[in-house]
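A short worksheet on the structure shown next.
Because only heavy atoms are used, hydrogens play no part in the values below, and waters and symmetry mates are left out as well, while side chains stay in. This one's a predicted model, so the numbers in the text were calculated from it and none came from an experiment. Reminder, nothing fancy here: chain letters follow the sequence lines and each chain counts from 1.
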Number of protein chains: 2
Amino acid sequence: MSFELSLNTGTTPNLNLQQAVEAAARAGLSHIGPWRHLLEQAGGAQRAATIIKEGGLQASTLCRGGFLTATSSQAQQEALDSNRQAIEEAATIGANNLIMVVGGLPSAAHLLGGAGDRQDKDIVGARDRVARALDQLVPLAIDHGVCLVLEPLHPMYAADRAVLSTLGQALDMATAYPAEAVGVVVDTFHVFWDPQLQQQIQRAGHERRLASYQICDFNLPIASNALQSRGMMGDGHVDFSSISRWVAQTGYRGPVEVEIFNDEINAQDADLTLNTMSERFASLVLPHLEQAAGIQSASAIN
Amino acid sequence: MSFELSLNTGTTPNLNLQQAVEAAARAGLSHIGPWRHLLEQAGGAQRAATIIKEGGLQASTLCRGGFLTATSSQAQQEALDSNRQAIEEAATIGANNLIMVVGGLPSAAHLLGGAGDRQDKDIVGARDRVARALDQLVPLAIDHGVCLVLEPLHPMYAADRAVLSTLGQALDMATAYPAEAVGVVVDTFHVFWDPQLQQQIQRAGHERRLASYQICDFNLPIASNALQSRGMMGDGHVDFSSISRWVAQTGYRGPVEVEIFNDEINAQDADLTLNTMSERFASLVLPHLEQAAGIQSASAIN
């Protein structure tokens, strides 16, 4: 069945992998997108793979690789090593997709605990370093059957987290590599504002690089910790009907992953979160995906 | 003389127009970009024009028109009326440029005190309403010799303030109108992250629509009131050398306006703010503008 719902474990940060798998299964989900620290906590990728499989789920993505913008050769080497390990972990848990948050400016690295260089604000140079790092990682990704999925982040994170800000830019960067090795993700929070969104989603489809569809809402006012501004679908300002239609029109039929960083939602009972997720997906997202895909659905378009 | 510094009065919110003009003149500035409420407070645009002229300054811009995305015909009419008045005010104070913040989604209008429609999240439709409103306003702007200067805002404000998020999108929207009637502004805070920035600044130059260069920094972490995240040049993550070079390479030789919304800077002594502004402009911005313009300068490139 198409368009199955997936729980990104960032949505339920108080659960370990076992608990997250069980909660997702209780809610009737088929997929899970774990963050790497849950694999480590579970005793490694092999053990994590067993937990996911025994829970009756499949891994939709592994979050995350990236942070490839360091200037020092030592920091760059450490980042490459970490990404190589992430590729192997993704393969081990059966996730075809390693989500890549490419990293920010050296001037902002200290904000995330890195060394960086507070004077280096050269965003063009930082993007070049990402491209050079991808050159290093793509052969290993191909060997492992893992797609490096470039995630354009909302421009409010351009300085500290990702110098990749639009889907078009991600596709431009991906062009140098085979489509099975480097893809892109549409995350509604990050891209809903983009005037080129429809056109670039179409392009991602034509270029066979649309690897993942992640959903959550864009809440206002922006949370005091800007990372936590992601909202439950329907609570914010994202037009899920249009974006979901555009995604399905490309032929995308993969899992739809819900990733919500939000203080209130993250603190509440996980079953409540999963049930709300499922209801909002069924009412606000799935009908538009199915209509665009020409699938007869039990759910009506609102 | 080229590249003269201008004080946008948003930087000194505790000063009335008279005080702002005097402070700018004391700091050796030649231009001021007032907000409309200061004109009203001063007794109207004619009186404001006198204050600016007697203070020995010129108006670089008037801030601001826009907010053209309302759905109800009454709210749309009120917005058009307000913009018509703003055009007349801009002409009266001798500002060639009326800065246009085009407005956000109906779903977010209540956040700024408007009526709106909490279910209407159609960003494509909102952009269409902006274009239709421009059709109405352009003839009056031409009559008054005022340029409607479209301001792409940072995408973090796409939902509540401006469905215009990139310079490329602003230029696309401007295409339907004469260059003297509809221009664009490069505001470093709003566009520094844009992967197409260099190319779109060049395009703005070719199309003769680069009407204003506004500067301030992008601070992190984002302020709890996201509007107040604008920083003094050098305090954040904007690469002023590259952007200033690109702007000057288009042939732009107009005023450079400093607009900083920042709780700490807005609360401090205005003379201190103006002196810091002038120093940072002289060290971080002007040398790159002058180098790209081929102007011999007393200041060295750092």
Side-chain angles (χ1 to χ4, degrees), chain A residues 104-108 110-112 118-127 152-166 168-170 172-173 190-198 217-227 229 234 236-243 284 302, chain B residues 104-108 110-112 118-127 152-166 168-170 172-173 190-198 217-227 229 234 236-243 284 302:
Chain A
L105 296 175
S107 64
H110 63 285
L111 294 168
L112 300 182
R118 292 201 188 195
Q119 294 315 307
D120 186 341
K121 303 171 186 180
D122 175 9
I123 199 165
V124 176
R127 291 177 187 134
L153 255 58
H154 193 288
M156 78 169 85
Y157 309 123
D160 58 346
R161 290 177 192 272
V163 293
L164 198 53
S165 305
T166 67
Q169 182 192 8
D172 287 347
M173 188 171 275
H190 292 309
V191 301
F192 80 97
W193 59 271
D194 184 351
Q196 298 197 337
L197 188 57
Q198 180 176 14
D217 217 326
F218 185 94
N219 283 1
L220 283 179
I222 292 168
S224 59
N225 173 355
L227 268 188
S229 286
H237 301 279
V238 168
D239 177 2
F240 286 102
S241 58
S242 297
I243 302 176
L284 298 175
N302 302 39
Chain B
L105 296 174
S107 64
H110 64 285
L111 294 168
L112 300 183
R118 292 202 190 195
Q119 295 314 308
D120 187 341
K121 303 172 186 180
D122 175 9
I123 198 166
V124 177
R127 291 178 187 133
L153 255 58
H154 193 288
M156 76 169 86
Y157 310 123
D160 58 346
R161 289 177 191 271
V163 293
L164 199 53
S165 305
T166 68
Q169 182 192 8
D172 287 347
M173 186 171 275
H190 292 309
V191 300
F192 82 96
W193 59 270
D194 184 351
Q196 298 196 337
L197 187 58
Q198 181 176 12
D217 218 325
F218 186 94
N219 281 3
L220 284 179
I222 293 168
S224 59
N225 173 354
L227 267 188
S229 286
H237 301 279
V238 168
D239 177 3
F240 287 102
S241 57
S242 296
I243 301 176
L284 298 175
N302 303 39

- Which one of D172(B), L164(B), V238(B) has the most heavy-atom pairs closer than 4.5 Å to chain A? V238(B)
- Item | Non-neighbouring partners of F192(A) that pass ring-ring contact (aromatic ring centres under 6.0 Å, His included), sequence neighbours left out | F218(A)
- Message: Using a 4.5 angstrom heavy-atom cutoff, name the option from G236(A), P155(A), G104(A), S107(A) with the most pairs to chain B.
- Response: P155(A)
- Query: Given that the side chain runs from C-beta out, which part of L105(A) has a heavy atom under 4.5 Å from chain B: side chain, backbone, both or neither?
  - Reply: side chain
- Message: Could you measure the distance from the NE2 atom of H237(B) to the CG atom of D160(A)? Nearest 0.5 Å is fine.
- Response: 7.5 Å
- Item | Max heavy-atom pair count under 4.5 Å with chain B, selected residue of Q169(A), Q196(A), Q198(A) | Q169(A)
- Message: Angle between ring planes, W193(B) versus W193(A), binned at 30° and 60°: parallel, tilted or perpendicular?
- Response: perpendicular
- Query: Does any heavy atom of chain A fall under 4.5 Å from the side chain of L111(B), the backbone, both, or neither of them?
  - Reply: side chain
- D122(A): salt bridge (charged side-chain N to carboxylate O under 4.0 Å, His left out) partners, not counting sequence neighbours: none
- Query: Is it the backbone or the side chain of D194(A) that comes under 4.5 Å from a heavy atom of chain B, or both, or neither?
  - Reply: backbone
- Message: Under 4.5 Å from any heavy atom of chain B, what part of R118(A) do you find: side chain, backbone, both or neither?
- Response: neither
- For chain B, the option from A223(A), A108(A), A158(A) that forms the most heavy-atom pairs under 4.5 Å: A108(A)
- Query: Taking A226(B), S224(B), S165(B), S242(B) one by one, which has the highest count of heavy-atom pairs under 4.5 Å against chain A?
  - Reply: S165(B)
- Message: Test your reading of the model: is there a side-chain donor-acceptor pair from K121(A) to the backbone of F240(B), 3.5 Å cut-off?
- Response: no
